[in-house]
Amino acid sequence: MTYKAKTYDWNRMIEGLVAVMRDITGNQVPIYSRSRSADHKGYPFIVFDLRQHPEIVQSVEKTHEIFDRVISVQCWAETDGEANAICDDLQTLLYDFKYREQLKSYGIIFEKVVERDHSSDVLAPFLQASYYGFDMVVQLVRNYTSEYPNITKYGGSNNDSND
């Protein structure tokens with residue numbers, strides 16, 4: 001049985017992120033979350049990781065919050081050229097209206113890509129592989145209904161029928 005979240009559907013967000021990255025790469029590159037990256041069966045592949053705790057951007061009340069989330073993306077391949085090509089396609093095409101709209105259909109508002117350094121030089125002697133990576137910032141909306149009555153006027157709640 002799958003857990004059904006009460007505040008934010010993280011599974012749907014991840015499903016949308018993966019769907020858009022698959023579309024950008026023509027479904028040619030397997031995509032894994034960081035916790036499943038050991039499952040890869042060769043190169044190339046993409047790893048994503050939800051970074052840091054969400055930063056609240058706007059909060060009308062606790063039941064309706066707009067927040068930013070950073071997603072780290074690493075593109076792994078046997079050569080620098082292939083890793084860079086995958087990374088460049090993702091970084092560039094995430095700004096394309098088509099993919100922004102696809103993300104939006106999953107409740108993800110794409111904000112920007114923050115480039116990171118190429119890290120293959122440090123790992124090359126050990127891994128025989130290359131990767132390029134970047135962070136992307138997305139905006140998400142958390143909506144939920146509290147089971148506790150809201151007070152909307154003195155002496156009553158929004159659940160009162162005696163107005």
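Computed from heavy atoms alone, side chains included, the values below leave out hydrogens, waters and symmetry copies.
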### Task
Rounded to the nearest 0.5 Å, what's the gap from CG on Leu103 to CG on Leu94? Could you check?
6.5 Å
### Message
Is the shortest side-chain heavy-atom distance between Tyr106 and Val18 below 4.5 Å?
### Response
no
### Message
Restricting to side chain to side chain donor-acceptor pair (under 3.5 Å), what partner residues turn up for Ser72, sequence neighbours left out?
### Response
Arg116, Asp135
### Query
Which distance, rounded to the nearest 0.5 Å, do you find between the OH of Tyr132 and the CG of Asp80?
4.5 Å
### Query
How far does NZ of Lys104 sit from CD1 of Ile109, to the nearest 0.5 angstrom?
5.5 Å
### Atom of Val73, atom of Met136 and distance for their closest heavy-atom approach
CG2-SD, 4.4 Å
### Task
Hey, could you give me the CG/CG distance between Asp89 and Leu93, rounded to the nearest 0.5 Å?
5.5 Å
### Query
How close do Ile31 and Phe48 get, heavy atom to heavy atom, and via which atoms?
CG2-CD2, 3.8 Å
### Query
Cys87 and Phe134: which non-hydrogen atoms are nearest, and at how many Å?
SG-CD2, 3.5 Å
### Query
So, for Leu17 and Ile108, which heavy atoms are closest and what is the spacing to 0.1 Å?
N-CD1, 4.0 Å
### Task
Go through the structure and list residues passing side chain to side chain donor-acceptor pair (under 3.5 Å) with Glu82, not counting sequence neighbours.
none
### Atom pair CD (Gln139) and CZ (Arg69), whose distance is rounded to the nearest 0.5 Å
14.0 Å
### Query
What are the two closest heavy atoms between Ser130 and Ala83, and how far apart are they?
O-CB, 3.7 Å
### Task
Quick one: sort the Tyr8 and Phe67 rings into parallel, tilted or perpendicular, breaks at 30° and 60°.
perpendicular
### Task
Give the minimum heavy-atom separation between Ile86 and Cys75, together with the two atoms involved.
CG2-SG, 3.7 Å
### Plane angle bin for Phe110 and Tyr95 - parallel if under 30°, tilted between 30 and 60°, otherwise perpendicular
perpendicular
### Query
What is the distance from atom CZ of Arg22 to atom CD1 of Ile46, rounded to the nearest 0.5 Å?
9.5 Å
